[in-house]
S.K.: 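First the structure, then my questions, so here it is.
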Amino acid sequence: METKYIFVTGGVVSSLGKGIISSSLACLLKARGYRVTIQKFDPYINIDPGTLNPYEHGECYVTVDGHEADLDLGHYERFTNVPTTRANNVTTGRIYQSVIDKERRGDYLGKTVQIVPHITDEIKRNVKYLGNTGNFDFIITEIGGTVGDIESLPFLESVRQLRWELGQNSLCIHLTYVPYIAAAKELKTKPTQHSVKSLQEVGIQPDILVLRTEKDIPAEMRRKIALFCNVAPDSVIQSIDVNSIYKVPLTMHGQHLDEIVLRKTGVTPEGEPDLGRWLEFIEKMDSATETVNIGLVGKYVELQDAYKSISESLFHAATNARRKLNLVYIHSEKLTDANVAEKLAGMDGIIIAPGFGQRGIEGKFVALKWCRENDVPTFGICLGMQCMVIEFARNVLGLEDANSTEMNPKTTQNVIDLMEEQKSISNLGGTMRLGAYECELRPGSKAAEAYGATTISERHRHRFEFNNDFRSRFEEAGMACVGENPATKLVEVVEIPGKRWFIGTQYHPEYSSTVLSPNPIFASFIKAAIAYGEEKAGK
């Protein structure tokens with residue numbers, strides 16, 4: 001069949017959950033046997049979110065091909081089990097950069113370069129790129145921001161043009177908010193009406209409305225919204241708050257969103273989506289009674305979106321182990337030798353979070369020393385793994401000046417350092433190892449046992465590396481370098497075999513955990529944490 005294009009826009013306020021609605025629809029279409037992918041168009045000028053502060057934009061997600069992307073791509077993968085690439089996330093910055101590069105090359109033959117048609121044509125080319133590969137039946141395109149934002153206008157103009165060009169092979173889903181005014185005890189539809197009017201003013205008529213709400217919207221009110229917004233009554237769907245994002249596909253299917261989309265794009269719905277494994281996950285989530293307590297030590301704990309993929313990966317693993325996840329965020333800047341026992345003693349396992357820079361690093365060393373000495377299951381990711389190495393060097397190997405040259409460029413005991421070939425590169429992105437790389441695991445190691453394999457592939461996002469000059473000293477003292485890149489021999493995984501579970505990974509396994517395929521090393525960590533918790537409780 002011809003590729004169908006679904007555009008998802010948002011109105012009233014941002015952060016309504018366009019990514020979750022897009023992901024849920026993709027989940028349902030995929031469960032019906034269709035080949036589906038999702039792409040995100042972000043209206044900011046940055047080329048990608050790689051240099052954005054997490055306080056500005058939350059987590060920076062990394063695709064298999066090494067593209068730094070919006071955190072919504074993590075949701076796309078978790079809901080669909082389909083890997084994303086740089087083609088799945090495009091920013092205004094990338095669009096303008098491409099157009100300016102073409103202009104400099106003379107591709108426009110001296111014409112005046114304008115928003116319409118040159119910028120809009122470039123946006124349209126990117127929208128249709130995945131469809132032109134022939135690999136997908138449905139391409140869901142989420143337009144970032146809110147209708148009415150000046151930054152979004154070129155994207156909306158491109159959507160308007162594509163709706164005419166694609167005809168029945170496209171449709172628009174508009175997500176809005178229906179607020180509940182507590183003082184009046186009333187739901188208010190006017191913000192939705194204004195939002196749709198703004199969309200109509202740029203030439204786009206939504207085919208389906210999804211109404212975010214905390215309260216049930218009566219059928220009569222939904223009919224009123226349909227009347228005022230020129231939308232069929234059966235195409236006004238409510239997205240009421242649920243206790244887990246993973247229930248949203250079920251609430252959407254309960255209101256026939258997938259069937260409506262199929263019919264409106266000229267496809268006859270047949271049968272029901274195969275949601276067996278998804279429902280099994282939900283059943284485990286709802287039936288779990290016992291809790292596993294995990295502490296996450298990091299510097300961005302005020303903004304939990306900074307660790308979104310980690311929290312979701314822990315949730316996938318805990319749910320599959322039929323446990324409720326109690327994730328406690330612990331600020332690394334506030335951890336000291338005096339309070340570490342009080343902060344960490346109640347935890348069954350500790351995650352030492354990734355990040356960049358000096359801030360909060362000493363608190364991570366304090367946490368790691370306490371965890372190592374008290375034999376608490378501990379998982380260090382990226383910078384967390386590097387902190388494991390530095391703490392071990394200082395307190396076991398006796399290298400008091402041990403550090404990363406990221407934190408102290410003058411350290412004489414540079415157990416974490418840049419590779420020689422990286423040192424002459426000044427572009428911040430140029431020195432990064434990004435995307436999926438192979439890793440060989442030592443047979444018999446806890447890491448190899450976790451994966452059930454000795455050759456794996458995981459995604460990276462880092463600049464500094466374990467310094468192999470110190471490798472033999474670590475091995476002799478009891479920290480084993482059990483994973484390495486086969487091509488470069490760079491250390492990817494360290495563990496202390498004598499401990500219950502003490503593993504650090506230079507890569508980011510959280511990027512590849514999904515509902516239907518939880519990441520094996522997270523599953524192993526949660527299993528160890530559960531066992532430790534039961535041991536403490538005397539079970």
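All residue numbers refer to positions in the sequence shown, counting from 1. A quick note: this is a predicted structure, and the numbers were derived from the prediction, not measured.
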S.K.: Output the distance between atom SG (Cys371) and atom CD1 (Ile352), rounded to the nearest 0.5 Å.
M.R.: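 One finds 5.5 Å between SG of Cys371 and CD1 of Ile352.
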S.K.: Are the side chains of Met252 and Leu25 in contact, using a 4.5 Å heavy-atom criterion?
M.R.: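 In short, these two side chains do not touch, never coming nearer than 4.5 Å.
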S.K.: Spell out, as yes or no, whether a donor-acceptor pair under 3.5 Å connects the side chain of Tyr307 to the backbone of Tyr300.
M.R.: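 Yes; judged by distance alone, with no hydrogens or angles, the pair exists.
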S.K.: Of the non-hydrogen atoms in Gly435 and Val62, which two are nearest, and what is the gap between them?
M.R.: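 Heavy-atom minimum between the residues: N-CG1, 3.7 Å.
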S.K.: Using the rule given for side-chain contact (heavy atoms from CB on, under 4.5 Å), can you reason through Asp72 versus Asn89, listing the C-alpha separation, both sets of side-chain angles and the distance that settles it, and then say yes or no?
M.R.: CA-CA 9 Å; Asp72 273 323; Asn89 189 202; over 6 Å; no
S.K.: Going by an N to O cut-off under 4.0 Å, is there a salt bridge joining Glu449 and Lys527?
M.R.: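 Not counted as a salt bridge, because no side-chain N and carboxylate O are separated by less than 4.0 Å.
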S.K.: Could you check Phe502 against Leu368 for side-chain contact (heavy atoms from CB on, under 4.5 Å), going step by step and ending with a plain yes or no?
M.R.: CA-CA 10 Å; Phe502 199 90; Leu368 282 163; 4.1 Å; yes
S.K.: For the residue pair Gln506 and Asn485, establish whether any side-chain heavy-atom pair is separated by less than 4.5 Å.
M.R.: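 No, every pair of side-chain atoms sits at 4.5 Å or beyond.
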S.K.: Tell me whether the rings of Phe281 and Trp278 are parallel (<30°), tilted (30 to 60°) or perpendicular (>60°).
M.R.: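 Plane angle between 30° and 60°, so tilted.
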S.K.: In plain terms, say whether Glu484 and Lys489 are close enough for a salt bridge, that is, a side-chain N and a carboxylate O under 4.0 Å apart.
M.R.: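 Between Lys489 and Glu484 there is a salt bridge, with a charged N closer than 4.0 Å to a carboxylate O.
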S.K.: Salt bridge between Lys499 and Asp375, side-chain N to carboxylate O under 4.0 Å?
M.R.: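 A salt bridge is absent here (no side-chain N lies under 4.0 Å from a carboxylate O).
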S.K.: Could you go step by step and tell me if Asn126 and Arg94 meet the side-chain contact (heavy atoms from CB on, under 4.5 Å) rule?
M.R.: CA-CA 10 Å; Asn126 278 271; Arg94 269 207 20 223; 4.2 Å; yes
S.K.: What are the two closest heavy atoms between Val493 and Cys439, and how far apart are they?
M.R.: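 Nearest heavy atoms, Val493 then Cys439: CG2-SG, 4.2 Å.
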S.K.: Report yes if the side chains of Lys364 and Met388 come closer than 4.5 Å at any heavy-atom pair, otherwise no.
M.R.: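 No - every pair of side-chain heavy atoms lies 4.5 Å or more apart.
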S.K.: Less than 4.0 angstrom from a charged side-chain N to a carboxylate O is my criterion; do Glu406 and Arg463 meet it?
M.R.: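 Here Glu406 does not pair with Arg463 in a salt bridge, since their nearest N and O are not under 4.0 Å apart.
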S.K.: Can you find a side-chain donor-acceptor pair between Ser23 and His75 that sits under 3.5 Å?
M.R.: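 No, because no side-chain N or O of Ser23 sits under 3.5 Å from a partner of the opposite role on His75.
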S.K.: Does this structure show an ion pair linking Asp348 with Lys536, if we count only N-O contacts that are shorter than 4.0 Å?
M.R.: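 A salt bridge is present here (some side-chain N lies under 4.0 Å from a carboxylate O).
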S.K.: Check whether any side-chain heavy atom of Gln39 sits under 4.5 Å from a side-chain heavy atom of Ile139, and report yes or no.
M.R.: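 Side chain of Gln39 against side chain of Ile139, heavy atoms only: contact under 4.5 Å found.
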S.K.: Main chain of Gly17, side chain of Arg212: is a donor-acceptor contact present, judged purely on distance under 3.5 Å?
M.R.: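 No, the answer is negative, given that no donor and acceptor are paired below the 3.5 Å cut-off.
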S.K.: Cut-off 3.5 Å, side chains only: do Thr37 and Asn88 have a donor facing an acceptor?
M.R.: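 The answer is yes; a qualifying pair exists.
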S.K.: Is it true that atom NZ of Lys247 has more than 12 heavy atoms of other residues, nucleotides or ligands lying nearer than 6.0 Å?
M.R.: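 Count over threshold, so yes.
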S.K.: Side chain of Asp207, backbone of Cys172: donor and acceptor closer than 3.5 Å?
M.R.: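 Yes, the answer is positive, given that a donor and an acceptor are paired below the 3.5 Å cut-off.
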S.K.: Counting neighbours of CD on Glu373 that are heavy atoms of other residues, nucleotides or ligands and sit closer than 6.0 Å, is the number greater than 12?
M.R.: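 Atom CD in Glu373 is crowded, with more than 12 foreign heavy atoms closer than 6.0 Å.
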S.K.: Measuring only between side-chain heavy atoms, which start at C-beta, is Leu327 closer than 4.5 Å to Phe315?
M.R.: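 No - every pair of side-chain heavy atoms lies 4.5 Å or more apart.
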S.K.: Considering non-hydrogen atoms only, spot the tightest contact between Ser332 and Gly360 and give its length.
M.R.: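 Distance-wise, the nearest heavy atoms are OG-O, 3.1 Å.
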S.K.: For Arg442, run the salt bridge (Lys or Arg N to Asp or Glu O under 4.0 Å) check against Glu492, Glu475, Glu495 and tell me which one passes.
M.R.: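 Among Glu492, Glu475, Glu495, the one meeting salt bridge (Lys or Arg N to Asp or Glu O under 4.0 Å) with Arg442 is Glu475.
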S.K.: Between the side chain of Ser235 and the main-chain N/O of Ile208, is any donor-acceptor distance below 3.5 Å?
M.R.: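 Between the backbone of Ile208 and the side chain of Ser235 there is no qualifying donor-acceptor contact (under 3.5 Å).
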S.K.: With respect to Tyr61, which candidate in Arg459, Lys40, His67, Lys308 satisfies the side-chain hydrogen bond (donor to acceptor under 3.5 Å, both in side chains) definition?
M.R.: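 Checked Arg459, Lys40, His67, Lys308 against Tyr61; only one passes side-chain hydrogen bond (donor to acceptor under 3.5 Å, both in side chains): Arg459.
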S.K.: Just to verify, which of Phe522, Phe79, Tyr246 counts as forming a ring-ring contact (aromatic ring centres under 6.0 Å, His included) with His316?
M.R.: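 One option only clears the test, and that one is Tyr246.
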S.K.: Parallel, tilted or perpendicular: which describes the rings of Phe525 and Phe379, with under 30° parallel and over 60° perpendicular?
M.R.: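 Rings of Phe525 and Phe379: tilted, as their planes differ by 30° to 60°.
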S.K.: Ignoring hydrogens and angles, state whether a donor on the side chain of Tyr511 or Glu59 is under 3.5 Å from an acceptor on the partner side chain.
M.R.: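 The answer is no; no qualifying pair exists.
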S.K.: Is there side-chain contact between Leu29 and Ile6, with heavy atoms separated by less than 4.5 Å?
M.R.: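 Heavy-atom side-chain distance check passes, below 4.5 Å.
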S.K.: What closest approach, in Å, do Arg322 and Ser287 show between heavy atoms, and which atom pair accounts for it?
M.R.: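 Taking every non-hydrogen atom into account, NH1-OG, 3.2 Å.
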S.K.: Quick one, Leu344 with Val376, criterion side-chain contact (heavy atoms from CB on, under 4.5 Å). Give me CA distance, side-chain angles, the key distance, then yes/no.
M.R.: CA-CA 9 Å; Leu344 304 189; Val376 176; over 6 Å; no
S.K.: Have a look at Pro83 and tell me which of Leu73, Val64, Thr63 forms a side-chain contact (heavy atoms from CB on, under 4.5 Å) with it.
M.R.: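 Between Pro83 and the candidates, side-chain contact (heavy atoms from CB on, under 4.5 Å) is satisfied uniquely by Val64.
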S.K.: Counting only N and O atoms by type, is there a donor-acceptor contact under 3.5 Å from the side chain of Arg35 to the main-chain atoms of Gly134?
M.R.: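 Pair found, side chain donor or acceptor close to backbone of Gly134.
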S.K.: Output yes when a side-chain donor or acceptor of Lys446 lies under 3.5 Å from a complementary backbone atom of Pro497, and no otherwise.
M.R.: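 Side chain of Lys446 to backbone of Pro497: a pair is present.
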S.K.: Checking the side chain of Gln238 only, and the main-chain atoms of Asp216 only, is there a donor and an acceptor separated by less than 3.5 Å?
M.R.: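 Judged by distance alone, no pair lies under 3.5 Å.
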S.K.: So, Asn519 versus Glu510: side-chain donor-acceptor pair below 3.5 Å or not?
M.R.: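 Result is no, nothing qualifies.
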S.K.: Please answer whether the main-chain N or O of Ile20 pairs with a side-chain N or O of Ser24 as donor and acceptor at a distance below 3.5 Å.
M.R.: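 Pair found, side chain donor or acceptor close to backbone of Ile20.
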S.K.: Of all the heavy-atom pairs spanning Gly346 and Asn293, show the shortest one and how long it is.
M.R.: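 So the two residues come closest at O-CB, 3.9 Å.
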S.K.: Do any N or O atoms from the side chain of Thr91 and from the backbone of Asn46 form a donor-acceptor pair under 3.5 angstrom?
M.R.: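 Side chain of Thr91 to backbone of Asn46: a pair is present.
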S.K.: Cut-off 3.5 Å, side chains only: do Thr455 and Glu440 have a donor facing an acceptor?
M.R.: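 Yes, a side-chain donor-acceptor pair sits under 3.5 Å.
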S.K.: Without hydrogens or angle criteria, can the side chains of Arg78 and Ser313 be said to hold a donor-acceptor pair below 3.5 Å?
M.R.: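 Side chains of Arg78 and Ser313: no pair found under 3.5 Å.
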S.K.: Looking at every heavy atom in both Ser152 and Gly144, which two are closest together, and how far apart are they?
M.R.: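 In terms of heavy atoms, the two residues are closest at OG-O, 3.4 Å.
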S.K.: Between Lys299 and Glu333, is there a side-chain N and carboxylate O pair less than 4.0 Å apart?
M.R.: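 Result for this pair is no, no salt bridge flagged.
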S.K.: A side-chain contact here means heavy atoms from C-beta on lying under 4.5 Å apart; do Arg323 and Ile526 qualify?
M.R.: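 Result no, sub-4.5 Å side-chain heavy-atom pair not found.
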S.K.: Does NZ belonging to Lys30 count more than 12 external heavy atoms closer than 6.0 Å?
M.R.: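 Counting other residues, nucleotides and ligands, NZ of Lys30 exceeds 12 neighbours.
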S.K.: More than 12 foreign heavy atoms under 6.0 Å from CG of Asn81: is that the case here?
M.R.: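 Count over threshold, so yes.
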S.K.: Applying side-chain contact (heavy atoms from CB on, under 4.5 Å) between Ile503 and each of Ile521, Val494, Ile496, report the one that passes.
M.R.: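 For Ile503, the side-chain contact (heavy atoms from CB on, under 4.5 Å) test succeeds with only one of Ile521, Val494, Ile496, which is Ile521.
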S.K.: Hey, what do you get for CH2 (Trp370) to NZ (Lys343), rounding to the nearest 0.5 Å?
M.R.: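 Nearest 0.5 Å value for the CH2-NZ distance: 13.5 Å.
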S.K.: Taking Lys4 for the side chain and Thr265 for the main chain, is one N or O donor matched with an acceptor at less than 3.5 Å?
M.R.: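 The answer is yes, because a donor-acceptor pair under 3.5 Å joins these two groups.
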S.K.: Would you say Glu458 and Tyr451 are linked by a side-chain donor-acceptor pair, where the criterion is simply a distance under 3.5 Å?
M.R.: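 A donor-acceptor contact under 3.5 Å links the two side chains.
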S.K.: Do Pro249 and Leu275 touch side chain to side chain, with heavy atoms closer than 4.5 Å?
M.R.: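 Result no, sub-4.5 Å side-chain heavy-atom pair not found.
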S.K.: Does a sphere of radius 6.0 Å around OH in Tyr129 hold more than 12 heavy atoms from other residues, nucleotides or ligands, not counting ones at 6.0 Å or beyond?
M.R.: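 Counting neighbours around OH of Tyr129, 12 or fewer heavy atoms of other residues, nucleotides or ligands fall under 6.0 Å, so no.
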